[in-house]
Structures are given as structure tokens and as C-alpha cells.
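Owing to the predicted nature of the structure, the values given are computational and were not obtained by experimental measurement. Below, chains carry the letters A, B, ... as their sequence lines are ordered, and counting in each starts from 1.
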There are 2 protein chains.
Amino acid sequence: MKISISKENHLKAIFHLESDHGTVTTNELAAALHTRPASITDMLKKLQKEGLVLYERYKGFSLSQDGKMAAVQIIRNHRLWECFLVDHLDFDWSQVHEMAEELEHLTSRKLIDRLDFFLGFPRTDPHGDPIPDSDGKFTRQIAQIPLPNLLTGKEATVTAIRPQTDQILELLQHKKIKIGTRITIRKKFDFDDSLEIEVDGGASTTVSALVAKNIYVSVQK
Amino acid sequence: MKISISKENHLKAIFHLESDHGTVTTNELAAALHTRPASITDMLKKLQKEGLVLYERYKGFSLSQDGKMAAVQIIRNHRLWECFLVDHLDFDWSQVHEMAEELEHLTSRKLIDRLDFFLGFPRTDPHGDPIPDSDGKFTRQIAQIPLPNLLTGKEATVTAIRPQTDQILELLQHKKIKIGTRITIRKKFDFDDSLEIEVDGGASTTVSALVAKNIYVSVQK
DNA sequence: ATTATATTTTAGGCAAATCTAAAAATTTAA
DNA sequence: TTAAATTTTTAGATTTGCCTAAAATATAAT
Ligand SMILES: [Mn+2]
Ligand SMILES: [Mn+2]
Ligand SMILES: [Mn+2]
Ligand SMILES: [Mn+2]
């Protein structure tokens with residue numbers, strides 16, 4: 001009935017890779033989990049026996065419905081704990097991932113549901129990623145676009161940074177940009193695709209095309 | 001360097017049994033951990049090799065200084081998480097132990113120290129047990145006595161319930177007695193050693209000798 | 001002081017999760 | 001369409017944490 005921590009990590013990784021590029025391979029999964037392809041094959045056979053993945057040797061694999069549900073639950077745990085760490089223990093988003101990697105495996109369903117209540121049912125984690133509800137349903141996310149696609153002069157809210165590296169975090173922290181920050185593009189420079197932006201209706205600053213591409217914003221709400 | 005969850009559980013159990021009756025035996029430890037004596041011997045050999053216990057075959061064993069420090073750290077984690085669960089997630093003390101049993105094994109020292117801060121550096125957990133500080137030092141506890149030893153008419157504060165079973169908790173919950181409750185003995189009945197007590201300066205109630213013996217109180221503070 | 005009882009340890013095994021090296025299957029390229 | 005390269009799987013080990021059954025040791029009772 002209860003899934004081991006290692007199995008949970010495998011299911012979660014499959015889920016993420018599947019969401020990203022529709023399909024997963026043994027090698028990719030091994031890389032994602034810092035393990036070896038042979039170990040993945042071993043684990044896959046066990047997960048299949050438990051009905052958590054559909055697997056045919058040499059042909060590929062994917063999560064079963066049960067596997068998907070299990071994965072989503074862990075992702076929910078992970079993201080809710082990240083909220084707790086950032087909002088209440090005052091960590092910043094670059095630090096919380098590791099800790100959440102452990103916290104996500106706690107087995108009490110009631111604990112996580114109460115935590116959700118305590119946090120006020122947040123809809124996204126500190127990185128802007130959506131948090132599924134207790135039944136595993138992701139609420140429709142508000143449409144988000146990469147910052148370079150935003151029309152000049154139109155105000156928008158930062159909803160995600162992706163991918164989240166320590167380096168971009170450091171840069172954005174310095175420029176006072178985070179999830180929830182309001183941004184308006186003042187000027188687009190065709191020369192290098194850098195942008196001059198206004199941050200929270202105050203000072204202006206310039207970001208490179210690379211930085212801009214990693215910032216996702218939403219014009220609604 | 002890092003101690004496995006199972007080893008942490010062993011160290012903690014040894015610590016508790018040692019504190020209780022000064023010494024621990026293989027059988028006791030096996031019972032406490034719901035495992036077999038042979039498994040204890042195996043584990044003891046490993047813990048000795050790592051310098052966490054002092055062990056001589058057939059002669060007995062005890063925690064080394066390192067082992068003691070590790071155990072205290074886990075106990076700190078356990079009790080701080082119990083505080084969080086009761087004070088912020090609104091669980092009651094009978095429910096938190098299991099969850100804390102998992103939470104205590106999280107590896108981030110910084111996490112637990114921030115949690116401590118978030119909680120306001122509590123000195124005892126919801127069961128009245130003392131919480132060591134980040135360096136593993138237990139602050140001197142205020143003197144506590146079993147309720148039957150309290151003088152009639154002298155007001156005191158409930159500081160602990162021991163042992164904590166679900167049954168006594170249920171009873172005390174019904175009578176609105178918990179850690180921090182103020183109690184004054186109004187009458188001691190010699191016939192069965194039951195006590196008539198006043199709870200929080202309000203209504204009076206009667207508790208049996210057995211119940212009274214499990215309630216610890218402090219007159220100071 | 002023997003003998004009986006209880007405790008503790010060894011011997012041998014098993015399941016989970018990993019690994020390396022080698023074999024098998026698939027995919028890509030010539 | 002065969003050969004080469006890549007991917008995936010098997011075979012065989014290892015480590016950790018636990019088990020049962022049997023042997024060793026210590027303790028208690030005649
Ligand atoms: Mn994890
Ligand atoms: Mn996240
Ligand atoms: Mn535990
Ligand atoms: Mn406690």
C-alpha cells in the first residue's frame with residue numbers, strides 16, 4: 001500500500017519528464033535521479049508489478065493512472081512545504097528545494113491537508129508552480145507568457161521563473177523582481193533583444209534577452 | 001557522517017531507556033523498537049563501529065558522547081515539530097507523536113533552528129517534555145511534582161502528563177485539563193485517594209488516584 | 001555447585017535499492 | 001541493408017536492515 005521514498009522519487013521524476021517532453025527514456029530518468037540506467041530498469045519492473053507504471057521492455061514506459069495520482073500527491077506535498085518554508089520560516093526560494101525534497105515524503109495525508117489550510121490554500125508555490133488540491137486536481141492556471149512576448153506599455157505580474165537556477169535568482173533578487181512583482185516593458189532594444197522594464201511602478205532597469213526569456217508573466221489578475 | 005533513520009531511532013530509544021532506568025538491555029531495546037534481539041545486536045555492532053555506542057558483547061552497552069548528542073538532536077526535532085503541529089496546525093497531543101516520529105529525521109539543521117525561532121523558542125513540547133536548545137542543552141526544568149503531592153488549597157500549573165496514553169488524554173480533554181491549566185486541590189479523600197480539584201479557578205471535578213498520579217504540576221511560575 | 005532458565009549472540013537468509021560489466025535489442029548511418 | 005553506435009536489459013554483486021533458529025553466555029534456583 002505505501003510506496004517507498006525511492007519509488008516516490010521515481011514516480012515524480014517520470015511525471016515531470018513526461019509533462020516536459022511527453023515521453024521519458026531510461027537514460028533520461030537515470031540522469032534525473034542521479035542513478036544508473038540498469039537501476040532504472042530494475043525499479044521499472046517493480047513499479048510495473050505494483051501497477052504504477054506501464055512498461056514493456058525495450059519499448060518504453062509511462063505512468064499508470066495510479067502512478068500519476070501518487071506523483072501528483074508528492075508534488076503537492078513538495079510545493080506546499082516550499083510555501084511554508086518561504087512564507088513562514090523566511091527561507092528564500094533558492095534554498096527550499098532540497099528541504100522540500102525530504103518533506104514531500106511524509107506519509108500523513110491529514111498533515112498535508114492541515115498545512116494547506118494553515119497556508120491559506122495557496123495556488124502556486126514560491127517558484128510560481130501550481131499546487132494541486134487534495135484530490136490531485138490542478139486548478140486551471142492563469143495564462144502566462146514569457147516576458148519578451150509582453151506588449152510594450154502593458155503592465156503584467158510575474159508568475160514564474162523557469163528554469164530556476166541560483167544564478168538567475170541572485171540577479172532577480174538584486175533587481176527586486178520576484179513572483180507577484182508588477183512589470184511594464186518600457187522599451188525593447190532590437191540590437192540584443194534586451195528590455196528596459198519598470199518594476200512595481202517604480203524604478204526602471206534593463207534585463208538581457210536571456211533573463212527576460214526566463215521570466216513568465218500574466219496580464220490578468 | 002549522516003546517520004540513517006533506523007540508526008537515529010535506535011539512538012533515541014537507547015537515550016530514553018537510559019534516562020528512565022539508568023541502563024538498557026538488548027531485550028528492552030528490541031521491545032521498544034518492535035524488533036528482535038538479534039537485530040539489536042547487529043545494529044549495536046554497527047553503531048559501535050561508528051563510535052555512537054560503547055558496547056561489549058554480553059556485558060551491555062550505552063551511548064557514547066557522540067551518540068548522546070545525536071539522540072538529543074532528534075529529540076529536539078521531535079518535540080519542536082510536535083509544537084508546530086499542535087500550536088499551528090491545530091492537532092491535539094494524542095495525534096502528533098506518529099507524525100513527529102517521521103519529521104524528527106529531516107536532515108536540515110537550519111530548518112529546525114528556524115522552526116524553533118518561528119515557534120518562539122518553546123521550552124517544552126505539548127506533552128510537557130523539555131526541548132533542548134540548538135546546542136543540545138536542556139535548560140533546567142522547573143520542579144514538578146505528581147498532583148497527589150500538592151498541598152490542599154495551593155494552586156499549581158499542570159506541566160506534564162506521564163505516561164501519555166490516548167485514554168488519559170481523552171479523559172483530561174473532557175475535564176478541560178491540559179498543560180498550563182491551573183489546578184487547586186480542594187479535598188483529598190483517604191478512602192480511595194481520589195481528589196476533588198478546582199480547574200482554572202472555575203468548576204470543581206473529581207479525579208481518581210490513578211489519574212492524579214499521572215498529572216505533574218509545578219507551584220512556581 | 002550443579003542444573004535450569006533467561007538473555008544475548010552467531011549463523012545463515014532474505015528483500016530493497018543500488019552498482020558494474022556484459023549481452024541484447026533498437027536506432028542511425030553508411 | 002548491412003554495419004556501427006546507442007540504448008536498454010540481464011547477470012551477478014554489494015550494502016543495509018531486518019528475520020529465524022541455534023549456540024553461547026550469564027543468571028537464578030535447587
Ligand atoms: Mn524526494
Ligand atoms: Mn517549487
Ligand atoms: Mn522516528
Ligand atoms: Mn512529546
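- Here the two rings, on A:His88 and B:His88, have centers that are 6.0 Å apart or farther.
- Using a 4.0 Å cut-off, no side-chain N or O of A:Lys7 falls inside it from OP1 or OP2 of C:dA16.
- Separating the NZ atom of B:Lys45 from the C1' atom of C:dT8 is a distance of 11 Å, rounded to the nearest angstrom.
- Following rounding to the nearest Å, B:Arg36 (CZ) and C:dG12 (C1') show an atom-to-atom distance of 17 Å.
- The separation between B:Leu44 atom CG and C:dT9 atom C1' is 11 Å, rounded to whole Å.
- The pair B:Asp113-B:Arg76 meets the salt-bridge criterion, with a side-chain N (NZ, NE, NH1 or NH2) lying under 4.0 Å from an Asp/Glu carboxylate O.
- Regarding A:Glu28, its CD atom lies at a distance of 10 Å from the P atom of D:dT7, rounded to whole Å.
- Atom-to-atom, CD of B:Glu56 to P of D:dT25 comes out at 14 Å; the value is rounded to the nearest Å.
- At C:dT7, none of the side-chain N or O atoms of B:Thr25 fall inside 4.0 Å of OP1 or OP2 (strictly under the cut-off).
- The interatomic distance linking A:Leu29 (CG) with C:dT18 (P) rounds to 11 Å, in whole Å.
- Distance A:Asp42 CG to C:dT20 P: 13 Å, rounded to the nearest Å.
- Heavy-atom nearest nucleotides on DNA chain C were determined for B:Pro37 and for A:Lys46, and the one closer to the 5' end corresponds to B:Pro37.
- Between A:His78 and A:His97, the angle of the ring planes lies from 30° to 60°, which puts this pair in the tilted group.
- Within the 4.0 Å cut-off from OP1 or OP2 of C:dT9, at least one side-chain nitrogen or oxygen of B:Tyr55 is found.
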Can you check nucleotides 23-28 of chain C for protein contacts, nitrogen or oxygen pairs under 3.5 Å, and list what you find?
residue: C:dA24; atom: N3; partner: A:Tyr58; partner atom: OH; Å: 3.3

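- The phosphate of D:dC18 has OP1 or OP2 within less than 4.0 Å of a side-chain N or O from B:Ser6.
- Note on A:Thr35: a side-chain N or O is less than 4.0 Å away from OP1 or OP2 of C:dC19.
- Taking side-chain N and O atoms only, B:Thr41 has no distance below 4.0 Å to OP1 or OP2 of C:dT8.
- B:Thr26 has a side-chain polar atom (N or O) that falls below the 4.0 Å cut-off from OP1 or OP2 of C:dT9.
- In this structure, B:Phe91 has its ring center no closer than 6.0 Å to that of B:Phe84.
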